[in-house]
Amino acid sequence: MNIEEKLKEKISNALASQGIVFPVPSIIIEHSKSSEHGDYACNVALQLSKDLHKNPREIATIIVSNIDRSGISKIEIAGPGFINFFLSQESITKVISTIISQGSDFGKHEKNNLRVNVEFVSANPTGSLHLGHARCAAIGDSICRLYEAAGYDVTREYYINDAGAQVEHLGESISARYMTLLGIPTDVPTDGYHGEDIKKIASRIIDESGNKYLSDSIDNKKYFVQKGIELELENIKEDLKSFRVEFDVFSSESKIREGHRIESTIEKYKKFTYVSDGALFLKTTAFLDDKDRPIKKSDGQYTYFMPDIAYHLDKLSRKFDLLVDILGADHHGYIARMKSALMMQGYSRDILEVELVQVVRLMKDGLEVKMSKRTGNAVTLRELCEDVGVDASRYFFVSRAASSHLDFDLSLALEQNSSNPVYYAQYAHARLSKVLATASDIDFDLDGKRLREEQENELMVHLASYPSIIVSSANERAPQKIVIYIQKLASLIHAFYTECHIINSDDKELTQSRLALAKASQIVMRNALDIIGVSAPEKM
RNA sequence: GCCCUUGUAGCUCAGUUGGAUAGAGCAACGGCCUUCUAAGCCGUAGGUUGAAUGUUCGAAUCAUUUCAAGGGCGCCA
């Protein structure tokens, strides 16, 4: 149990001893913003004053006079009724030995036996991934890593839309390039794809099988579509891998449409459908939606919504306790309708959580550049990795809340290279690594007996809060909180490094204490960077 | 016209779910390298939290209205 949990329990017990029931989970312990407010602060007295009809300071006094004071050096009641805790030296330094003994497991929680499926990116296999996908990939993967650290069993899933009009256009575009390369000039359809990747695919088909697919047969058309999807997907997987994102499961729309799966799904929804103007509608307004949605068009084709419902039911049939979809913000209308569809099958509205990621606007010299896959002028994930770097890109995307509208200026991102905050954090890790390597023959003082400075104290308190930050970030699916944590950690490490010289040839004991703190800090920095998929270099 | 998201320092953004003096990073200004990496540290300046009203001990956070930006509005994905 860490310090915060212990404090919560003490407070709850103190209240219970006076007949006031206030369970541990509803108690909020916060880090004091300034050291004059102690190491931790609690506002229960203010929360309780309304229910108990008592002055908050009075309640605080009751708590303080009944609390178990072990590990606490001083308790103060401040302001309107805050309780400020000053920890004893031993309870602060204890975190060092905990971190060093747990190593890369520090911050990871015990398995909670909950299975979560996170679907993200899921870009159509019709071209390279671009900036917007990069943001989704960075956020999605970090959320997965957070869930893993918080004890969930996580499945990363990618849904391939390989059955709609988009992939038909892909096939036609490849076909046109293929013809042109073989000496029969053919225009790419106006709603087709014009990027370089299409040319590459066409020439690859020629390399593999020459002019075998020249005729306009249906089989050949199918071949171009199928081959196009295969190669685009291969490309996407490679790009994602170099961005340190790997999926466990790829599901495809065409599989969902196979056999009579859609028909049998519709059968399950019989109670909630009706025909209007020749189209089949799903009565989503019976649940959360403001309009009923068509699932089968009057021409007999399904809308995209129908296979999507079948797909979500497919995921649920694989026994997940929670589904998370990470989608572009233009899908927000989709949330109510999909939740409604799942509720029709008896699932709770919370079985599906949707995280909306705002689009990235590409800027150049202060002006917006419209990105389009069709015209091929988008900044791709690959370019981003090559020009800005994986670490800087992932850090940048994760440091902003998914809901924030984001402008991305590539030239500025390149310029800012050395002042990018990611290097601030990595540099802190590298500096500690160097000191630890230099003093590798000196033992650690795991009790941190000689740690007295304010910088050391603040650093230790911050280190101790890491496990609870993991839990709250995971619950809120908010990886940017980890970035904030990292930023603060880096700042404290740099201050410690500058103000508290670690290796002192004339004071071995002090050196041993500080080396232990350096080691613990290095471990936590590395663990935290790993959550957002950023490397922790030994030297820079 | 209706719905969703967003609006915080010159710029890019945080803000622990209603708490103490609203915080970081860039940019600006002033200091600090004969000792472990100056990609650093210490300090200064910068704010009517888009605007207004309300809810209460207490509001950037909740409610209503309003302005602005982006997105979505029954057979597109």
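Worth knowing before you read on, the calculation uses all heavy atoms, side chains too, and leaves out hydrogens, waters and symmetry mates.
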Review point. Say you pick atom P in G50(B) and the same atom in U16(B); how far apart are they, in whole Å?
Key: 15 Å
Check your understanding: Under 3.5 Å, is there a donor-acceptor pair linking the side chains of Tyr334(A) and Asp308(A)?
Key -> yes
Review point. Picking from A24(B), A77(B), A14(B), which would you name as closest to the side chain of Arg400(A)?
Key: A14(B)
Practice item. Report yes if at least one side-chain N or O of Arg431(A) is closer than 4.0 Å to OP1 or OP2 of A38(B); otherwise report no. Key: yes
**Study point:** Complement of G47(B), any strand, by Watson-Crick or G-U distances under 3.5 angstrom
**Key:** none
Check your understanding: Leu46(A) side chain: which of A77(B), C41(B), G19(B) is closest?
Key -> G19(B)
Check your understanding: Taking the chi torsion of C62(B), is it syn (within 90° of 0) or anti (everything else)?
Key -> anti
Check your understanding: Of all the nucleotides listed (C41(B), U37(B), A14(B)), which has the minimum atom distance to the side chain of Ala401(A)?
Key -> A14(B)
**Study point:** P atoms of U55(B) and U17(B), separation to the nearest Å
**Key:** 25 Å
Practice item. Could you work out the separation of G46(B) and G25(B) based on their C1' atoms and round it to a whole Å? Key: 15 Å
Practice item. Go through C41(B), U37(B), U16(B) for me and flag the one nearest to the Thr498(A) side chain. Key: C41(B)
Exercise for review: State whether Tyr334(A) places a side-chain N or O below 4.0 Å from either non-bridging phosphate oxygen (OP1 or OP2) of G71(B).
Suggested key: no
Practice item. Ignoring the backbone of Ser403(A), work out which of U6(B), A77(B), A39(B) is nearest its side chain. Key: U6(B)
**Study point:** Residue Ala41(A), side-chain heavy atoms: nucleotide from G40(B), A20(B), C36(B) that is nearest
**Key:** A20(B)
Point to revise | Selection from C13(B), U16(B), G74(B) that lies nearest to any side-chain heavy atom of Phe281(A) | key: G74(B)
Review point. Do you see a donor-acceptor pair shorter than 3.5 Å between the side chains of Gln358(A) and Ser403(A)?
Key: no
Study note, to complete from the structure: pair_partner(A63(B)), Watson-Crick or wobble, both distances < 3.5 Å, evaluates to U53(B)
**Study point:** Assigned partner base of C2(B), Watson-Crick or wobble definition, under 3.5 Å
**Key:** G72(B)
Point to revise | Nearest-Å distance once atom P is located in both G1(B) and A59(B) | key: 34 Å
Review point. Going by modelled atom types, is there a donor-acceptor pair between the base of A77(B) and the side chain of Asp330(A) at under 3.5 Å?
Key: no
Practice item. Check every strand shown and say whether Gln480(A) touches a base, only sugar-phosphate, or nothing at a heavy-atom separation below 4.0 Å. Key: sugar-phosphate
Check your understanding: Reckon Gln166(A) has a side-chain N or O less than 4.0 Å from the OP1 or OP2 of C76(B)?
Key -> no
Check your understanding: With rounding to whole Å, what would you report as the distance between A69(B) and G30(B) at their C1' atoms?
Key -> 39 Å
**Study point:** Pairwise 5' ranking along RNA chain B for Ser472(A) and Tyr40(A), keeping only the more 5' one
**Key:** Ser472(A)
Review point. Taking all atoms of both residues into account, what is the closest heavy-atom pair of Ile503(A) and Ala439(A), and its distance?
Key: CD1-CB, 3.9 Å
Check your understanding: Taking only N and O in the side chain of Ser399(A), is any of them less than 4.0 Å away from OP1 or OP2 of A14(B)?
Key -> no
Exercise for review: Please measure how far the C1' atom in A14(B) lies from the corresponding atom in U61(B), and state the result in whole Å.
Suggested key: 14 Å
Practice item. Answer syn or anti for U17(B), where the cut-off is 90° from 0 on the glycosidic torsion. Key: syn
Check your understanding: So, does the side chain of His332(A) form a donor-acceptor pair with the base of G72(B) at under 3.5 Å?
Key -> no
**Study point:** Interatomic distance where CD1 belongs to Ile27(A) and C1' belongs to U17(B) [whole Å]
**Key:** 17 Å
Study note, to complete from the structure: Checking N1-N3 plus N6-O4 or O6-N4 for Watson-Crick, or N1-O2 and O6-N3 for wobble, each under 3.5 Å, the partner of U35(B) is none
Check your understanding: Would one find a side-chain N or O of Lys434(A) under 4.0 angstrom from OP1 or OP2 of C36(B)?
Key -> no
Review point. Between His331(A) and Glu538(A), who's closer to the 5' end of RNA chain B by nearest nucleotide?
Key: Glu538(A)
Revision key, fill the gap. Closest of A38(B), C41(B), A77(B) to the Tyr424(A) side chain is C41(B)
Point to revise | Glu232(A)-Thr126(A) side chain donor-acceptor pair, cut-off 3.5 Å | key: no
Review point. Taking atom types as modelled and ignoring hydrogens, do the side chains of Asp325(A) and His331(A) form a donor-acceptor contact shorter than 3.5 angstrom?
Key: no
Review point. Taking the C1' atom of each, how far is C13(B) from G54(B), in whole Å?
Key: 30 Å
Review point. With no hydrogens and no angle check, do the side chains of Asn161(A) and Glu253(A) hold a donor and an acceptor under 3.5 Å apart?
Key: yes
Practice item. Would you mind telling me which of C13(B), A77(B), G19(B) lies closest to the side-chain atoms of Asn43(A)? Key: G19(B)
Practice item. Report the residue from Ile11(A), Asn43(A), Leu7(A) that forms a side chain to side chain contact (heavy atoms under 4.5 Å, CB included) with Ile27(A). Key: Ile11(A)
Practice item. Check if the side chain of Tyr423(A) and the base of A39(B) share a donor-acceptor pair of N or O atoms closer than 3.5 Å. Key: no
Exercise for review: Please test Tyr40(A) against Phe85(A) for ring-ring contact (aromatic ring centres under 6.0 Å, His included), starting from the C-alpha separation and ending with a verdict.
Suggested key: CA-CA 5 Å; Tyr40(A) 291 94; Phe85(A) 296 92; 8.1 Å; no
Check your understanding: Is there a donor and acceptor pair, one atom on the side chain of Tyr395(A) and one on the base of G25(B), closer than 3.5 Å?
Key -> no
Check your understanding: Among the nucleotides C36(B), U37(B), U16(B), which one has an atom lying closest to any side-chain atom of Ile502(A)?
Key -> C36(B)
Check your understanding: With both distances under 3.5 Å as the test, what is the Watson-Crick or G-U wobble partner of A9(B)?
Key -> none
Point to revise | Spacing of the C1' atoms in C26(B) and U35(B) (rounded, Å) | key: 31 Å
